[in-house]
Amino acid sequence: MSNIRNVGDLLEHAHDERSRQSFVSAFRKRILMDVADDMKVIYDKKVEPKFIKKHGRKPKDAREVRAAMRHEPVYEGWSAMRYNAQIMTWWSVQPAVERQLNELIQAARDATEANPAGGSLELDPNVVIPREVTDLDVHHMPGCFHTEYVEDDVAQGAVYHYGTQVFYGGFGKDVKPKGDVAASIANYLKLARPDFKPERILDLGCTAGANTFPYKEVYPDAEVHGIDVGAPMLRFGHAWAEAEGIPMHYHQRNAETPGFPDNHFDIITSSFFFHELSVPATKKVLKECYRMLKPGGIMLHMELPPTSHTDTYYNFVLDWDGFYNNEPHYQKFRNLDFLKTIQGAGFEKDKIELIRIPNYGSTPREEFEAGARGEEALKREHGLGRVWFTFGGWK
Amino acid sequence: MSEKSVHLPLRSKGKRATFYKDPAVDQLFAIITMLTQELSVAFDRIETVERILDKNGVISRADIEAYKPDEQEETERTQRRDEYIGRIFNILRQEAEALLDS
């Protein structure tokens, strides 16, 4: 056992800071969801009937729904609440990170030096940080994924790590900072393909690694790698993994030019990554995935469901982030023809996978297993984290 | 080790969104939401003071800072916050309620 301090839980929050975080969590969990329900009522009972009366048909896409809803007080109120909650999420953890930044940096240095789990951290100060990250602060997190304020900085990694916990409901016992998406994909693959024994796994845009860890837990014999352009994310992620005793290999690389050899990985994955990329970048990264994948390996990325997979109203709700959460590529990504795009990267049509994987942590185990084995249709609807849309294919 | 103090920025890069015809309303909305948060913080602090006094009869600032509610108390506080936020923002919910009633 190592005695290095764990960057993942060493942050001390003052009484009032905890209280601000609890407020944001409660605000996001309750009122936002209640008002989202109200918005649907108003759409169904007032806005859509009015639209049908005027046009003789239902709205044909999310754009028309948005135009009809745009000045409804409930939409304005819901949007203003959601927007403020997003910003207040990061604000609620920044003061504690500022105050204890030196401790966090020291703990990260200690973890790197002792390296008790045997993982690795490869930083490249010359990495090209793409415009997707430098132009706007994605998710309104001031400083985005990459900004460094001091030497060996981990501040943005800490703001992201602790802020995400506030975002998903507070620092309760039941909140696992490790990722639900990766746990769902990894467990699904293990059940669906029991003979598939991956030796090397790659996670793209891994941030601090919450959705990279679970691959090592599910496939303990595999070597698990994560790449990201943000050094503070990777330093934090590496220190966290070492303190948790999980050997992870993090590299500061751009997914458009990842530089790994051909036929190198058995699984290439990502979570909530592609919708932040421009469409040309998406196509480039997918081609790189195909190149790096071993024959017999699988690429499976978790993403927002494509526009064609969800109904018009839900598309309108999802697309909110594209307009207001500093995610300008979101809608163009969702509008892609996924079959064509995956084929364009080199995958054969009959080896393409578009799978809706139920959330591992919250789905009854029997249902999850039956779904993964294909004995039962994966029937859950997308939304509220109950099911994850994944796309990719076997090589 | 360098002991530099860092100030993390509060403003995120990119255009600030507005949802109302008059952007002043958006600013007021932000101010009111922040005020609601601060009042919730004050509630929490008073509750902490009351709980410590109930238990110990005396109190220090350090007691307050160190105080962490147990699970049962956290559940009660969460419920209190939910109801409180529901009261403050109730106006946004009334139209849907009326439509459901009609």
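In this text the structure is predicted, and so the values were computed from the model without any measurement.
Note that NE2 of His140(A) is 14.5 Å distant from CG of Leu10(B), once rounded to the nearest 0.5 Å. Distance check: Ile85(B) CD1 to Arg28(A) CZ gives 12.0 Å after rounding to the nearest 0.5 Å. A distance of 8.0 Å separates CZ in Arg18(A) from OG1 in Thr48(B), rounded to the nearest 0.5 Å. Separation of atoms OG (Ser92(A)) and CD (Gln37(B)) is listed at 7.5 Å; rounding is to 0.5 Å. One distance of note links CG of Leu100(B) with CG of Asp38(A); it measures 7.5 Å at 0.5 Å rounding. The line from CD of Glu95(B) to CE of Met39(A) is 12.5 Å long, rounded to the nearest 0.5 Å.
Chain B forms the most heavy-atom pairs under 4.5 Å with one residue out of His139(A), Lys46(A), Gln94(A), and that residue is Gln94(A). No other option in Ile87(A), Asp37(A), Asp44(A), Asp16(A) has as many heavy-atom pairs under 4.5 Å with chain B as Asp16(A). Interface check for chain A: of the options Arg16(B), His7(B), Lys21(B), the most heavy-atom pairs under 4.5 Å are formed by Arg16(B). Taking Ala85(A), Ser22(A), Pro73(A) one by one and counting their heavy-atom pairs under 4.5 Å with chain B, the maximum is reached by Ser22(A).
Within a 6.0 Å radius of CZ in Arg70(A), more than 12 heavy atoms belonging to other residues, nucleotides or ligands are found. The 12-atom threshold is exceeded at NZ of Lys40(A), counting heavy atoms of other residues, nucleotides or ligands nearer than 6.0 Å.
Residue Phe43(B): no heavy atom, backbone or side chain, is found under 4.5 Å from chain A. Within the 4.5 angstrom heavy-atom criterion, only side-chain atoms of Asn84(A), from C-beta onward, approach chain B. Interface remark: Ala80(A) contributes backbone and side-chain atoms alike to the contact with chain B (heavy atom separation under 4.5 Å). Neither the backbone nor the side chain of Thr78(B) comes within contact range of chain A; no heavy atoms are under 4.5 Å apart. Looking at His71(A), the atoms closer than 4.5 Å to chain B (heavy atoms on both sides) all sit in the side chain, from C-beta outward. Of the atoms belonging to Glu17(A), not a single heavy atom falls under 4.5 Å from chain B. Interface residue Arg45(B): backbone and side-chain heavy atoms are both found under 4.5 Å from chain A. Using a 4.5 Å cut-off between heavy atoms, Ile42(A) touches chain B through backbone and side chain atoms alike. For Val159(A), the part lying near chain B is the side chain, with the backbone staying farther off; criterion is any non-hydrogen pair under 4.5 Å. Using a 4.5 Å cut-off between heavy atoms, Thr18(B) contacts chain A through its backbone alone, with no side-chain atom that close. Neither the backbone nor the side chain of Gln94(B) comes within less than 4.5 Å of any heavy atom of chain A. Neither the backbone nor the side chain of Arg99(A) comes within contact range of chain B; no heavy atoms are under 4.5 Å apart.
Comment: Arg20(A) engages Glu38(B) in a salt bridge, judged by a side-chain N to carboxylate O separation of less than 4.0 angstrom. Taking 4.0 Å as the cut-off between side-chain N and carboxylate O, Arg93(B) and Asp34(A) count as a salt-bridged pair.
Smallest separation of non-hydrogen atoms from Glu98(A) and Leu8(B): OE2-N, 2.7 Å. Listed here is the closest heavy atom pair of His15(A) and Tyr67(B): CD2-O, 4.4 Å. A pairwise comparison of heavy atoms in Gly14(B) and Leu136(A) identifies CA-CD2, 3.3 Å as the closest pair.
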Quiz item: After noting the C-alpha distance and the side-chain angles of Phe27(A) and Thr36(B), does the key distance pass the side chain to side chain contact (heavy atoms under 4.5 Å, CB included) rule?
Solution: CA-CA 10 Å; Phe27(A) 192 72; Thr36(B) 308; over 6 Å; no

Practice problem: Apply the test side chain to side chain contact (heavy atoms under 4.5 Å, CB included) to residues Tyr83(A) and Phe29(B): give CA-CA distance (whole Å), side-chain angles for both, the deciding distance (0.1 Å), then the verdict. | Solution: CA-CA 10 Å; Tyr83(A) 188 72; Phe29(B) 203 109; over 6 Å; no

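Aromatic rings from Tyr324(A) and Phe19(B) are positioned such that their centres are separated by under 6.0 Å.
Using a 4.5 Å heavy-atom cutoff, the side chains of Lys13(B) and Pro142(A) are not in contact. Inter-residue side-chain proximity for Pro9(B) and Trp90(A) is flagged as unmet; no heavy-atom pair is nearer than 4.5 Å. You'll find the side chain of Asn326(A) stays beyond 4.5 Å of the side chain of Lys15(B), heavy atoms only.
For the residue pair Asp137(A)/Ser12(B), the side-chain donor-acceptor check at 3.5 Å is not satisfied.
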